[in-house]
Amino acid sequence: MLKLIQLEIRKNKLFGMLKGVAIAVLLILGFMLLLTYVDAEDGSGRGEFKTYAEMLEGLYILVKVTFVVFASVVLSKLVIDEYKNNTITLLFMYPISRKKLLAAKIIIVFLFTLLSVFISDILIGALLIGINSFTHVIPGQLELTAISGEVVRIGADAIYAAGIGLIPLYIGMRKKSVPATIVTAVLFIGVSSSDFGGFRMSNLVGISIFFSLLGVAIAYLSIRNIEQKDIA
(Lines give C-alpha, C1' and ligand atoms only; values in the text may rest on other atoms or scores of the structure.)
Protein backbone atom coordinates (compact mmCIF):
# COMPACT_ATOMS: atom_id res chain seq x y z
CA MET A 1 0.00 0.00 0.00
CA LEU A 2 2.82 2.41 0.85
CA LYS A 3 4.40 1.76 -2.53
CA LEU A 4 1.09 2.49 -4.27
CA ILE A 5 0.75 5.75 -2.35
CA GLN A 6 4.27 6.79 -3.35
CA LEU A 7 3.59 5.93 -7.00
CA GLU A 8 0.33 7.93 -6.99
CA ILE A 9 2.07 10.95 -5.47
CA ARG A 10 4.80 10.86 -8.11
CA LYS A 11 2.43 10.11 -11.02
CA ASN A 12 0.15 13.02 -10.17
CA LYS A 13 3.04 15.33 -9.17
CA LEU A 14 1.32 16.12 -5.88
CA PHE A 15 4.44 17.62 -4.35
CA GLY A 16 3.85 20.49 -6.78
CA MET A 17 0.67 21.27 -4.84
CA LEU A 18 2.77 22.22 -1.82
CA LYS A 19 3.23 25.62 -3.46
CA GLY A 20 -0.55 26.03 -3.42
CA VAL A 21 -0.65 25.00 0.23
CA ALA A 22 2.06 27.56 1.08
CA ILE A 23 0.13 30.29 -0.75
CA ALA A 24 -3.05 29.32 1.10
CA VAL A 25 -1.23 29.51 4.45
CA LEU A 26 0.13 32.98 3.63
CA LEU A 27 -3.31 34.20 2.56
CA ILE A 28 -4.91 32.85 5.74
CA LEU A 29 -2.19 34.49 7.85
CA GLY A 30 -2.68 37.81 6.04
CA PHE A 31 -6.45 37.66 6.46
CA MET A 32 -6.15 36.80 10.15
CA LEU A 33 -3.74 39.72 10.69
CA LEU A 34 -6.21 41.99 8.94
CA LEU A 35 -9.04 40.85 11.19
CA THR A 36 -6.88 41.07 14.29
CA TYR A 37 -5.36 44.51 13.77
CA VAL A 38 -7.71 46.50 11.56
CA ASP A 39 -11.04 47.85 12.71
CA ALA A 40 -12.54 50.29 10.24
CA GLU A 41 -15.48 51.11 12.51
CA ASP A 42 -13.77 52.93 15.36
CA GLY A 43 -10.23 53.42 14.06
CA SER A 44 -8.75 52.04 17.26
CA GLY A 45 -6.45 49.65 15.46
CA ARG A 46 -8.05 46.78 17.33
CA GLY A 47 -9.67 44.14 15.21
CA GLU A 48 -12.49 41.68 15.46
CA PHE A 49 -10.92 39.49 18.15
CA LYS A 50 -10.90 40.54 21.78
CA THR A 51 -9.48 37.31 23.24
CA TYR A 52 -7.15 34.54 22.19
CA ALA A 53 -10.10 32.14 22.19
CA GLU A 54 -11.93 34.25 19.60
CA MET A 55 -8.83 34.58 17.43
CA LEU A 56 -8.03 30.87 17.47
CA GLU A 57 -11.67 29.96 16.83
CA GLY A 58 -11.64 32.17 13.73
CA LEU A 59 -8.36 30.64 12.59
CA TYR A 60 -9.56 27.05 12.97
CA ILE A 61 -12.73 27.74 10.96
CA LEU A 62 -10.83 29.49 8.16
CA VAL A 63 -8.20 26.75 7.92
CA LYS A 64 -10.79 23.98 7.93
CA VAL A 65 -12.88 25.63 5.21
CA THR A 66 -9.81 26.27 3.05
CA PHE A 67 -8.37 22.78 3.19
CA VAL A 68 -11.64 20.86 2.92
CA VAL A 69 -12.17 22.69 -0.38
CA PHE A 70 -8.50 22.04 -1.23
CA ALA A 71 -9.10 18.34 -0.48
CA SER A 72 -11.93 18.28 -3.04
CA VAL A 73 -9.46 19.56 -5.64
CA VAL A 74 -6.98 16.79 -4.78
CA LEU A 75 -9.84 14.25 -4.77
CA SER A 76 -10.89 15.46 -8.20
CA LYS A 77 -7.35 15.16 -9.54
CA LEU A 78 -6.72 11.68 -8.13
CA VAL A 79 -10.11 10.02 -8.58
CA ILE A 80 -12.89 11.97 -10.27
CA ASP A 81 -10.87 13.30 -13.19
CA GLU A 82 -9.68 9.79 -14.05
CA TYR A 83 -13.25 8.49 -14.08
CA LYS A 84 -14.38 11.46 -16.15
CA ASN A 85 -11.61 11.00 -18.75
CA ASN A 86 -11.84 7.19 -18.52
CA THR A 87 -8.09 6.92 -17.80
CA ILE A 88 -9.02 4.84 -14.77
CA THR A 89 -9.74 1.98 -17.22
CA LEU A 90 -6.06 1.80 -18.14
CA LEU A 91 -5.06 1.74 -14.47
CA PHE A 92 -7.45 -1.12 -13.79
CA MET A 93 -5.67 -3.17 -16.44
CA TYR A 94 -2.56 -3.28 -14.25
CA PRO A 95 -2.03 -6.38 -12.09
CA ILE A 96 -3.06 -4.41 -9.00
CA SER A 97 -6.21 -4.78 -6.95
CA ARG A 98 -8.76 -2.11 -7.86
CA LYS A 99 -9.65 -1.77 -4.21
CA LYS A 100 -6.03 -1.17 -3.20
CA LEU A 101 -5.58 1.38 -5.97
CA LEU A 102 -8.64 3.40 -4.97
CA ALA A 103 -7.77 3.02 -1.28
CA ALA A 104 -4.29 4.47 -1.93
CA LYS A 105 -5.83 7.51 -3.64
CA ILE A 106 -8.30 8.09 -0.81
CA ILE A 107 -5.63 7.67 1.87
CA ILE A 108 -3.58 10.36 0.12
CA VAL A 109 -6.52 12.78 0.25
CA PHE A 110 -7.23 11.95 3.91
CA LEU A 111 -3.60 12.42 4.99
CA PHE A 112 -3.21 15.56 2.87
CA THR A 113 -6.19 17.20 4.59
CA LEU A 114 -5.21 16.02 8.07
CA LEU A 115 -1.61 17.23 7.82
CA SER A 116 -2.51 20.48 6.06
CA VAL A 117 -5.06 21.45 8.72
CA PHE A 118 -2.88 20.38 11.65
CA ILE A 119 0.33 22.06 10.46
CA SER A 120 -1.46 25.23 9.28
CA ASP A 121 -3.31 25.65 12.59
CA ILE A 122 -0.10 25.17 14.57
CA LEU A 123 2.05 27.38 12.34
CA ILE A 124 -0.38 30.27 11.86
CA GLY A 125 -1.57 30.12 15.46
CA ALA A 126 2.04 30.30 16.74
CA LEU A 127 2.79 33.24 14.43
CA LEU A 128 -0.31 35.14 15.54
CA ILE A 129 0.42 34.54 19.21
CA GLY A 130 4.08 35.50 18.70
CA ILE A 131 3.17 38.74 16.92
CA ASN A 132 0.63 39.60 19.60
CA SER A 133 3.27 39.12 22.30
CA PHE A 134 4.92 42.25 20.89
CA THR A 135 1.83 44.26 19.92
CA HIS A 136 -0.46 43.30 22.85
CA VAL A 137 -3.58 44.02 20.79
CA ILE A 138 -5.21 41.00 22.39
CA PRO A 139 -4.82 41.26 26.17
CA GLY A 140 -3.58 38.49 28.44
CA GLN A 141 -1.41 35.46 27.86
CA LEU A 142 -2.03 31.85 26.97
CA GLU A 143 -1.32 29.51 29.85
CA LEU A 144 0.65 26.33 29.22
CA THR A 145 -2.38 24.21 30.04
CA ALA A 146 -4.43 26.22 27.54
CA ILE A 147 -1.79 25.67 24.84
CA SER A 148 -1.81 21.90 25.38
CA GLY A 149 -5.60 21.94 25.20
CA GLU A 150 -5.46 23.86 21.93
CA VAL A 151 -3.05 21.32 20.44
CA VAL A 152 -5.49 18.52 21.31
CA ARG A 153 -8.33 20.48 19.73
CA ILE A 154 -6.25 21.13 16.60
CA GLY A 155 -5.56 17.40 16.29
CA ALA A 156 -9.26 16.58 16.64
CA ASP A 157 -10.21 19.28 14.13
CA ALA A 158 -7.66 17.92 11.65
CA ILE A 159 -9.15 14.42 11.91
CA TYR A 160 -12.70 15.77 11.52
CA ALA A 161 -11.69 17.82 8.48
CA ALA A 162 -9.91 14.84 6.88
CA GLY A 163 -13.09 12.76 7.15
CA ILE A 164 -15.35 15.58 5.98
CA GLY A 165 -13.06 16.12 2.98
CA LEU A 166 -14.10 12.69 1.66
CA ILE A 167 -17.84 13.45 1.56
CA PRO A 168 -17.72 15.04 -1.95
CA LEU A 169 -16.47 11.67 -3.24
CA TYR A 170 -20.08 10.43 -3.31
CA ILE A 171 -21.35 13.19 -5.61
CA GLY A 172 -18.16 13.22 -7.64
CA MET A 173 -18.24 9.51 -8.47
CA ARG A 174 -21.96 9.54 -9.25
CA LYS A 175 -21.76 12.56 -11.54
CA LYS A 176 -18.19 11.93 -12.77
CA SER A 177 -17.82 15.70 -12.51
CA VAL A 178 -14.95 17.73 -11.08
CA PRO A 179 -17.06 20.93 -10.69
CA ALA A 180 -19.77 18.97 -8.85
CA THR A 181 -17.14 17.57 -6.46
CA ILE A 182 -15.71 20.98 -5.64
CA VAL A 183 -19.11 22.69 -5.39
CA THR A 184 -20.29 19.97 -2.99
CA ALA A 185 -17.29 20.62 -0.75
CA VAL A 186 -17.86 24.40 -0.84
CA LEU A 187 -21.56 24.12 -0.03
CA PHE A 188 -21.13 21.49 2.68
CA ILE A 189 -18.28 23.15 4.58
CA GLY A 190 -19.86 26.56 4.04
CA VAL A 191 -23.14 25.56 5.67
CA SER A 192 -21.53 23.56 8.50
CA SER A 193 -19.13 26.40 9.37
CA SER A 194 -21.58 29.30 9.05
CA ASP A 195 -22.76 31.19 12.11
CA PHE A 196 -26.54 31.10 12.49
CA GLY A 197 -27.26 33.57 15.27
CA GLY A 198 -24.41 32.29 17.41
CA PHE A 199 -24.99 28.64 16.48
CA ARG A 200 -22.42 26.84 14.34
CA MET A 201 -22.83 23.14 13.55
CA SER A 202 -19.08 22.53 13.37
CA ASN A 203 -18.75 23.62 17.02
CA LEU A 204 -20.74 20.59 18.16
CA VAL A 205 -18.38 17.66 18.64
CA GLY A 206 -21.09 15.09 17.97
CA ILE A 207 -21.96 16.63 14.60
CA SER A 208 -18.29 16.94 13.63
CA ILE A 209 -17.71 13.27 14.47
CA PHE A 210 -20.84 12.27 12.54
CA PHE A 211 -19.79 14.17 9.40
CA SER A 212 -16.25 12.81 9.64
CA LEU A 213 -17.50 9.24 9.98
CA LEU A 214 -19.90 9.85 7.10
CA GLY A 215 -16.95 10.78 4.88
CA VAL A 216 -15.03 7.68 5.97
CA ALA A 217 -18.11 5.51 5.35
CA ILE A 218 -18.51 6.95 1.85
CA ALA A 219 -14.86 6.20 1.13
CA TYR A 220 -15.18 2.66 2.51
CA LEU A 221 -18.29 1.89 0.46
CA SER A 222 -16.66 3.33 -2.67
CA ILE A 223 -13.65 1.04 -2.18
CA ARG A 224 -15.80 -2.00 -1.36
CA ASN A 225 -18.01 -1.55 -4.40
CA ILE A 226 -15.29 -0.64 -6.88
CA GLU A 227 -15.33 -4.07 -8.51
CA GLN A 228 -18.98 -3.67 -9.44
CA LYS A 229 -18.75 -0.10 -10.74
CA ASP A 230 -19.27 0.64 -14.37
CA ILE A 231 -16.24 2.64 -15.47
CA ALA A 232 -17.25 3.02 -19.07
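What you see is a predicted model, and the numbers here were worked out from it, not measured in a lab.
- Here the closest heavy-atom approach between residue Ile167 and residue Gly215 is recorded as CG1-CA, 3.6 Å.
- Panel note: side chain Asn132, backbone Ile138; a donor-acceptor pair is recorded below 3.5 Å.
- Under a 3.5 Å cut-off, the side chain of Lys105 and the backbone N or O of Leu78 do form a donor-acceptor pair.
- Looking only at distances, a side-chain donor or acceptor of Ser72 sits under 3.5 Å from a matching main-chain atom of Val69.
- When only modelled atom types and interatomic distance are considered, Tyr52 and Glu57 share no side-chain donor-acceptor pair under 3.5 Å.
- Between atom CG of residue Leu29 and atom OG1 of residue Thr36 there is a gap of 9.0 Å, rounded to the nearest 0.5 Å.
- Of the inter-residue distances, the one linking Phe31 atom CZ with Leu35 atom CG reads 4.0 Å to the nearest 0.5 angstrom.
- At a threshold of 4.5 Å between side-chain heavy atoms, the hydrophobic network of Ile, Leu, Val, Met, Phe, Trp and Tyr places Leu187 and Ile207 in two separate groups.
- For the atom pair CG (Leu59) and CD1 (Ile28), the distance works out to 7.5 Å, reported to the nearest 0.5 Å.
- A distance of 10.5 Å separates CG of Leu34 from CE of Met32, quoted to the nearest 0.5 Å.
- Not one N or O on the side chain of Ser212 forms a donor-acceptor pair closer than 3.5 Å with the backbone of Ile209.
- For the residue pair Phe67 and Ala24, the shortest heavy atom distance occurs at CZ-CB, 4.2 Å.
- Note on Ile159: it does not cluster hydrophobically with Val152, by side-chain heavy-atom contacts below 4.5 Å among ILVMFWY residues.
- A pairwise comparison of heavy atoms in Pro168 and Ala185 identifies CG-CB, 3.7 Å as the closest pair.
- Contact detail for Val117 and Ala158: the closest heavy-atom pair is CG1-CA, 3.8 Å.
- Asp157 is not listed as a side-chain neighbour of Phe118, based on a closest heavy-atom distance of 4.5 Å or more.
- Here Leu27 contributes atom CG and Ile23 contributes atom CD1; the two are 7.5 Å apart, rounded to the nearest 0.5 Å.
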Ile171 vs Thr181, side chain to side chain contact (heavy atoms under 4.5 Å, CB included): CA-CA, chis, key distance, verdict: CA-CA 6 Å; Ile171 298 296; Thr181 306; 5.9 Å; no
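- Linking ILVMFWY residues whenever their side-chain heavy atoms come closer than 4.5 Å, directly or via other members, places Leu123 and Leu128 in the same cluster.
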Check against side chain to side chain contact (heavy atoms under 4.5 Å, CB included), Leu56 and Phe49: CA-CA 9 Å; Leu56 294 175; Phe49 309 121; over 6 Å; no
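- Looking at Val109 and Leu166, their side chains come closer than 4.5 Å, going by heavy atoms from C-beta outward.
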Steps toward side chain to side chain contact (heavy atoms under 4.5 Å, CB included) verdict (Tyr60, Glu150): CA-CA 10 Å; Tyr60 300 157; Glu150 291 298 329; 2.6 Å; yes
Pair Phe70-Ser116, side chain to side chain contact (heavy atoms under 4.5 Å, CB included): steps then yes or no: CA-CA 10 Å; Phe70 213 130; Ser116 295; over 6 Å; no
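- With contacts defined as side-chain heavy-atom distances shorter than 4.5 Å, the pair Ser177/Ile80 does not qualify.
- In this structure, the separation between OG1 on Thr113 and OH on Tyr160 is 16.0 Å, given to the nearest 0.5 Å.
- Both Leu33 and Met55 belong to a single network of hydrophobic side chains, linked directly or stepwise wherever heavy atoms of I, L, V, M, F, W or Y lie under 4.5 Å apart.
- Using a 4.5 Å cut-off on side-chain heavy atoms (C-beta onward), Ser120 and Val25 make contact.
- No continuous path of hydrophobic side-chain contacts links Leu127 to Leu26 [ILVMFWY only; heavy atoms under 4.5 Å].
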